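Keep in mind it's a predicted model, so treat the numbers as computed, not measured. For the numbers below, each heavy atom of this structure counts, side chains included, while hydrogens, waters and symmetry mates do not. Counting starts at 1 for both ligands and their atoms, in listed order.
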Amino acid sequence: MHVQKIALSVWGKTVRLELNKSSLKDLKQNYPGSITKSYIRDAFQECRSQTLELFDKIKLEAFYSQVHPDFSPIGWHLGHIAFTESLWLLERSAGKKCIFPEYRKLYAADGLPKSQRVKLPSIEETRYYLDVVREKVFDYLEVADIAAVEKIWFFLLQHECQHCETISIIWELIKTQSSNPIKISRQDISTSLPISPICQEMIKIPAGEFLMGSNEIDALDNEKSSYQVYLDTYFIDRYPVTCGNFRDFIQAEGYKNSQYWSDTGWTWLQSKQLKQPLYWHDDTAWDNHPVCGVSYYEAEAYGKFVGKRLPTEAEWEKAARWDVKSNRDRKYPWGEEKPTAEYCNCAGNIYKPQTTPVNAYPQGQSASGMYDALGNVWEWTSSWFDGYPGFEYYPYIGYSQVYFDGEHRVLKGGSWGTRIWAMRSSFRNWYHPHVREIFAGFRCVRD
Ligand code: AVJ
Ligand code: FE
């Protein structure tokens, strides 16, 4: 059952309660704000403690260096987290003056080009900035009229999650670049599961309507507003494509054979000389792990190789959230309970900074039997990133809308580097199709 722990102040005393979904709803209607405030405080604190764990891992060189032209240094992301919180909560919501105005130009999303984000404050100064902003933010939370600006808190929570996933990506890139002096050994990948190869079964999703998107409090602008979508019957892979599956493509000289590639994909490949995914392990012990570190073009080519194609985002989302038997919608593939270590491989549950076998989370499967819909790796879809009907940007046009440019593809599902507040079936991520540094894999569909 879905249970939420809350703390209420009753005549000056703190009372802790455990509530199920319906009693929580009653309370929310009668005492709006009080529950949300304690939820927000706890979530902000938990998320931040996961962020601070990153500080301990980061070596000095990694803090400042730009390991890839598409990614700002780790130190920038941390400062930008503090800046964004300060901008939207302290300045725009509380109406306070900007603290640390000297950081504005450096850390604003539209401030400096990525190549110029390398002259950064020290690790200690950055940590101090995060701490000071957070202290003032919690002071404000005490007095805030939460009903008026509730949504912005959920936006900021997810903003921190997304930048921390980017930090994990940078960290992974540093580990992958063999010439780099920072060597971090990979964790043991031992698993209790048998390593017989996963056969790529498909599951049938019957024709019908389902609800796409979300109107919940945590929905970002690009998830709104939810609407009914009808799809004909189709078949989708039960599991993400595994390394074992993908090895067939490599061994069949898939990277050398233009017949599997789209024209744009083939042109892109010619400039690269690739022979395997970015985070590839030439080791059969990884055979049941999902492929990780492929561009959209590589995913597309594999689909053609096996006579399938990539799903549209609607096809992906219906298989993940729709319970055909009861004709009901689920927030997560497994139901309404938040992501835990029982259900999926995401950041913060257990410290497992890598992929897991695609059959490791039977409890996390969707009503239709789709495994690993959330967690493990992001999954490329064939849909261009665009606004849903009635789209209105929030909180700024540059969050989603400027990427509705026909150049970004949608990814679904979250990865091992995604924190729970950004994990749900309606969540949408987007990148240029050539990007392979993110923790992305894919699964295929067939009509
Ligand atoms: C949606 C993950 C592509 O990190 O560039 C963070 C999210 N937007 N700050 C990114 C985002 C503004 C975005 N992605
Ligand atoms: Fe940002």
Side-chain angles (χ1 to χ4, degrees), residues 47-48 51 54 66-89 91-92 103-114 117 120 126 129-130 133 151-173 218-224 295-296 313 346-347 377-381 383-388 391 393-405 407-419 421-424 426-440:
C47 184
R48 180 55 55 88
T51 302
L54 292 171
Q66 187 166 25
V67 293
H68 187 284
D70 289 350
F71 297 92
S72 307
I74 289 175
W76 183 85
H77 288 278
L78 291 165
H80 169 77
I81 289 169
F83 173 79
T84 307
E85 200 169 294
S86 158
L87 175 69
W88 291 101
L89 289 171
E91 289 185 56
R92 301 286 167 90
Y103 289 160
R104 181 184 285 280
K105 176 113 184 135
L106 172 63
Y107 290 132
D110 54 2
L112 292 172
K114 284 190 180 125
R117 291 170 177 172
L120 301 168
T126 311
Y129 184 35
L130 279 159
V133 170
K151 237 182 136 44
I152 198 69
W153 297 84
F154 288 88
F155 169 80
L156 289 163
L157 186 59
Q158 295 175 68
H159 183 259
E160 180 162 343
C161 295
Q162 289 181 279
H163 279 282
C164 288
E165 175 155 2
T166 305
I167 292 173
S168 302
I169 294 169
I170 297 167
W171 195 239
E172 206 62 22
L173 287 173
D218 58 353
L220 298 176
D221 60 359
N222 58 58
E223 286 164 86
K224 288 181 79 176
S295 67
Y296 175 83
E313 68 170 317
C346 68
V377 288
W378 288 101
E379 298 177 26
W380 286 108
T381 76
S383 301
W384 295 109
F385 187 49
D386 203 351
Y388 291 161
F391 175 86
Y393 73 74
Y394 180 88
Y396 55 99
I397 195 166
Y399 184 71
S400 299
Q401 194 175 323
V402 300
Y403 301 99
F404 299 160
D405 56 3
E407 290 185 18
H408 293 78
R409 301 271 185 184
V410 173
L411 295 113
K412 297 289 289 182
S415 77
W416 60 259
T418 312
R419 294 185 187 165
W421 302 280
M423 297 264 293
R424 55 187 171 269
S426 58
F427 192 95
R428 307 168 76 202
N429 202 355
W430 64 92
Y431 277 95
H432 280 117
H434 63 259
V435 174
R436 59 206 301 266
E437 289 73 25
I438 55 176
F439 304 136

- Before signing off on this row, confirm whether Y396 and ligand 1 have an N or O atom pair separated by under 3.5 Å. no
- Describe, in one word, how the ring planes of W378 and F427 are oriented to each other, choosing from parallel (under 30°), tilted (30 to 60°) and perpendicular (over 60°). tilted
- Item | Contact with ligand 1 for Y403, non-hydrogen, under 4.0 angstrom | no
- Would you check if there is a donor-acceptor pair between the side chains of W384 and E313 at a distance under 3.5 Å? no
- Message: Tell me whether H159 has any N or O atom under 3.5 angstrom from an N or O of ligand 1.
- Response: yes
- Query: Any non-hydrogen protein atom below 4.0 Å of atom 5 (O) of ligand 1?
  - Reply: no
- Note on the structure: Here the vertex angle at the Fe ion (ligand 2) for NE2 of H159 and NE2 of H80, given to 10°, is 90°
- Item | Whether Y103 and Y107 hold their rings parallel, tilted or perpendicular, with breakpoints at 30° and 60° | perpendicular
- Message: Regarding Y388 and R428, do their side chains bring together a donor and an acceptor under 3.5 Å, going by distance alone?
- Response: yes
- Where is the nearest protein heavy atom to atom 10 (C) of ligand 1: which residue, which atom, and how far? Y431 OH, 4.5 Å
- So, R117 versus S72: side-chain donor-acceptor pair below 3.5 Å or not? yes
- Protein residue, atom and distance nearest to atom 3 (C) of ligand 1, heavy-atom basis: W430 O, 3.5 Å
- Message: Need the atom name: nearest N/O/S atom of H163 to the Fe ion (ligand 2).
- Response: NE2
- Whether W430 and Y399 hold their rings parallel, tilted or perpendicular, with breakpoints at 30° and 60°: perpendicular
- What is the nearest protein non-hydrogen atom to atom 7 (C) of ligand 1, stated with its residue, atom name and distance? Q162 NE2, 3.5 Å
- Which protein non-hydrogen atom lies closest to atom 9 (N) of ligand 1, naming both residue and atom, and how far is it? H163 NE2, 3.0 Å
- Message: When you compare the side chains of E160 and T51, does any donor N or O come within less than 3.5 Å of an acceptor on the partner?
- Response: yes
- Message: Applying the ring-ring contact (aromatic ring centres under 6.0 Å, His included) criterion to F385, which one of Y403, Y431, Y296, F404 satisfies it?
- Response: F404
- Task: If you have a sec, work out which protein heavy atom is nearest atom 14 (N) of ligand 1 and how many Å separate them, to one decimal?
- Result: N429 OD1, 3.7 Å
- Message: Counting non-hydrogen protein atoms only, what is the nearest one to atom 8 (N) of ligand 1? Give residue, atom name and distance.
- Response: Y399 CE1, 3.2 Å
